[in-house]
Engineer: 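My questions will all concern the structure given below.
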Amino acid sequence: MQGNTLKGKTALVTGSTSGIGLGIARSLAAQGANIVLNGFGDAKEIDALQTAITKEFDVQVAYHNADMSKAAEIGAMMTFAADKFGGVDILVNNAGIQHVADIENFPVEKWDAIIAINLSSAFHTTRLALPSMKAKNWGRIINIASVHGLVGSAQKSAYVAAKHGIIGFTKVTALETADTGVTCNAICPGWVLTPLVQKQVDARAEAAKISGDEAKRALLAEKQPSGEFVTPEQLGAVAVFMCSDAASQMRGVSLNVDGGWVAQ
Ligand code: NAD
């Protein structure tokens, strides 16, 4: 859906060169927000993404390649956004990675990377975005958590710990901004078919010697009662709603969009 409800605002979406982050960036741009993209990928493809969003929605789109596991690079990205657009009005903490292994076989460096990228990066972006949001008395911080912020799954210790952590961080951010025009909420998606999940589909197909489609059906059947994937566009629409005036008293909420996963 296109409109101009966010015209004049700037949205920074971490990890927006792919998947959910890209879907959310496009939805915010469709409402007129200028966008700061971030994430890894081929330079030419990222250039093309920037151009496509600029043309399709008539907004300004910048890109910063900060590694979300590095506090100094996050600082540089926030300064870049402030110089370019005068601050970040909408911050979407989305960048994330996954690794699947039993605790006793979980590589220590993977644990550290997941906690840094999926949890600590949100602390750094938030602490650096808040002063200008508070000064303008308007801001939206949207943390992309997961159903794994609400329930666990075996072999995902670091991911589940980071996602539970970001839900706690969401509540504290909401409380510290409760008497301002800044809100902070989390979205908790179930399975979304992005590169992050495709890897898990491929691993399942290989282990069970089944086709990719069978692996997708099995993955959904195990956890997601709707039997359908959530889409980045649906999550983008939820993010747009969280930016609206109607959501100005939604504070510290973790909203699951999960095909019924957590209702079980
Ligand atoms: P994805 O792999 O498609 O995208 C991840 C994005 O993060 C990419 O743009 C990637 O370049 C970026 N990224 C990864 N490491 C980075 C780093 N160190 N610094 C900067 N950027 C980095 O994954 P996705 O499925 O779109 O996941 C996005 C978020 O949604 C993650 O936080 C993930 O945990 C969460 N999530 C995904 C699902 C799902 O089913 N796909 C479900 C619930 C939550």
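Whatever order the structure lists ligands and atoms in, that order sets their numbers, starting from 1. None of the values given here were measured: they were computed from a predicted structure.
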Engineer: Give a yes or no answer on whether the side chain of Gln31 reaches the backbone of Leu6 with a donor-acceptor pair at less than 3.5 Å.
Structural biologist: no
Engineer: With under 30° as parallel and over 60° as perpendicular, where do the rings of Phe123 and Phe169 fit, or are they tilted in between?
Structural biologist: perpendicular
Engineer: Just to check, does Ser16 reach to within less than 4.0 Å of ligand 1 when the distance is taken from its heavy atoms?
Structural biologist: yes
Engineer: From the options Val13, Thr125, Leu12, select the one residue that forms a side-chain contact (heavy atoms from CB on, under 4.5 Å) with Val88.
Structural biologist: Leu12
Engineer: Does Lys163 make a cation-pi contact with Tyr159, if we ask for NZ or CZ under 6.0 Å from the ring centre and within 45° of the axis?
Structural biologist: yes
Engineer: For Val197, counting its heavy atoms only, list the atoms of ligand 1 lying under 4.0 Å from any of them.
Structural biologist: 39 (C), 40 (O), 41 (N)
Engineer: Less than 4.0 Å is my threshold; does some heavy atom of Ala113 fall inside it relative to ligand 1?
Structural biologist: no
Engineer: Does Met68 reach ligand 1 with a nitrogen or oxygen that is under 3.5 Å from one of the ligand's nitrogen or oxygen atoms?
Structural biologist: yes
Engineer: Under the 3.5 angstrom rule, does the side chain of Arg140 hit a backbone N or O of Met242 as a donor-acceptor pair?
Structural biologist: yes
Engineer: Heavy-atom distance to atom 31 (C) of ligand 1: which of Leu193, Asn118, Asn94 wins?
Structural biologist: Asn94
Engineer: Within ligand 1, which atoms have a heavy atom of Gly19 less than 4.0 Å away?
Structural biologist: 3 (O), 26 (O)
Engineer: Is the backbone N or O of Lys7 less than 3.5 Å from a side-chain atom of Asn4, with the two atoms forming a donor-acceptor pair by type?
Structural biologist: no
Engineer: Quick test: of every protein heavy atom, which one is nearest to atom 38 (C) of ligand 1, and how far off is it to 0.1 Å?
Structural biologist: Ile20 CD1, 3.8 Å
Engineer: What protein heavy atom is closest to atom 15 (N) of ligand 1, reported as residue, atom name and distance in Å?
Structural biologist: Ile97 CG2, 3.7 Å
Engineer: Between Gln60 (side chain only) and Phe85 (backbone N and O only), is there a donor and an acceptor less than 3.5 Å apart?
Structural biologist: no
Engineer: Of the protein's non-hydrogen atoms, which lies at the shortest distance from atom 7 (O) of ligand 1, and what is that distance?
Structural biologist: Gly15 CA, 3.4 Å
Engineer: Between Asp89 and Thr10 (side chain of the first, backbone of the second, donor and acceptor by atom type, cut-off under 3.5 Å), is there such a pair?
Structural biologist: yes
Engineer: I need the atoms of ligand 1 closer than 4.0 Å to a non-hydrogen atom of Tyr159, numbered in the order shown.
Structural biologist: 33 (C), 34 (O), 35 (C), 36 (N), 37 (C), 43 (C), 44 (C)
Engineer: In the protein, which heavy atom is nearest to atom 43 (C) of ligand 1, and how far is it?
Structural biologist: Pro189 O, 3.3 Å
Engineer: Say whether, by atom type as modelled, one donor and one acceptor occur between the side chain of Arg251 and the main chain of Val182 under 3.5 angstrom.
Structural biologist: yes
Engineer: Would you say Gln98 contacts ligand 1, with heavy atoms under 4.0 Å as the rule?
Structural biologist: no
Engineer: Looking only at distances, please establish whether an N/O atom of ligand 1 is found under 3.5 Å from an N/O atom of Ile117.
Structural biologist: no
Engineer: May I ask whether Phe229 places a heavy atom under 4.0 Å from ligand 1?
Structural biologist: no
Engineer: Check the orientation of Trp191 and Trp261. Use parallel for under 30°, tilted for 30 to 60°, and perpendicular for over 60°.
Structural biologist: tilted
Engineer: Please identify which atoms of ligand 1 are closer than 4.0 Å to at least one heavy atom of Gly39.
Structural biologist: 11 (O), 21 (N)
Engineer: Here's a test for you: under side-chain hydrogen bond (donor to acceptor under 3.5 Å, both in side chains), which of His99, Gln200, His148 qualifies with Lys156?
Structural biologist: Gln200
Engineer: Looking at atom 23 (O) of ligand 1, what's its closest protein heavy atom, distance included?
Structural biologist: Leu196 CB, 3.4 Å
Engineer: Apply the test side chain to side chain contact (heavy atoms under 4.5 Å, CB included) to residues Thr183 and Ile141: give CA-CA distance (whole Å), side-chain angles for both, the deciding distance (0.1 Å), then the verdict.
Structural biologist: CA-CA 6 Å; Thr183 73; Ile141 301 173; over 6 Å; no
Engineer: Where is the nearest protein heavy atom to atom 4 (O) of ligand 1: which residue, which atom, and how far?
Structural biologist: Ser18 OG, 3.7 Å
Engineer: Nearest protein heavy atom to atom 24 (P) of ligand 1, by residue and atom, and its distance?
Structural biologist: Thr194 OG1, 3.4 Å
Engineer: Using a 4.0 Å heavy-atom cut-off, say whether Ser121 meets ligand 1 through its side chain, its backbone, both or neither.
Structural biologist: neither
Engineer: Quick one: does Asn185's side chain have a donor or acceptor within less than 3.5 Å of a partner on Gly252's backbone?
Structural biologist: yes
Engineer: Nearest protein heavy atom to atom 9 (O) of ligand 1, by residue and atom, and its distance?
Structural biologist: Thr17 OG1, 2.7 Å
Engineer: Are any side-chain N or O atoms of Ser16 and backbone N or O atoms of Leu37, one a donor and one an acceptor, separated by less than 3.5 Å?
Structural biologist: no
Engineer: Give the single entry among Gly190, Ala95, Gly23, Ala66 that approaches atom 22 (C) of ligand 1 most closely by any heavy atom.
Structural biologist: Ala95
Engineer: Find all atoms of ligand 1 within a distance of less than 4.0 Å from any non-hydrogen atom belonging to Asn38, and give their numbers and elements.
Structural biologist: 20 (C), 21 (N)
Engineer: Using modelled atom types and a 3.5 Å cut-off, is there a donor and acceptor pairing between side-chain atoms of Asp258 and backbone atoms of Val147?
Structural biologist: no
Engineer: Any nitrogen or oxygen of Trp191, side chain or backbone, less than 3.5 Å from one on ligand 1?
Structural biologist: no
Engineer: Under 3.5 Å between some N or O of ligand 1 and some N or O of Asp67?
Structural biologist: yes
Engineer: Need the ligand 1 atom indices (1-based, order shown) with element for anything under 4.0 Å from a heavy-atom of Gly96.
Structural biologist: 5 (C), 7 (O), 31 (C), 32 (O)
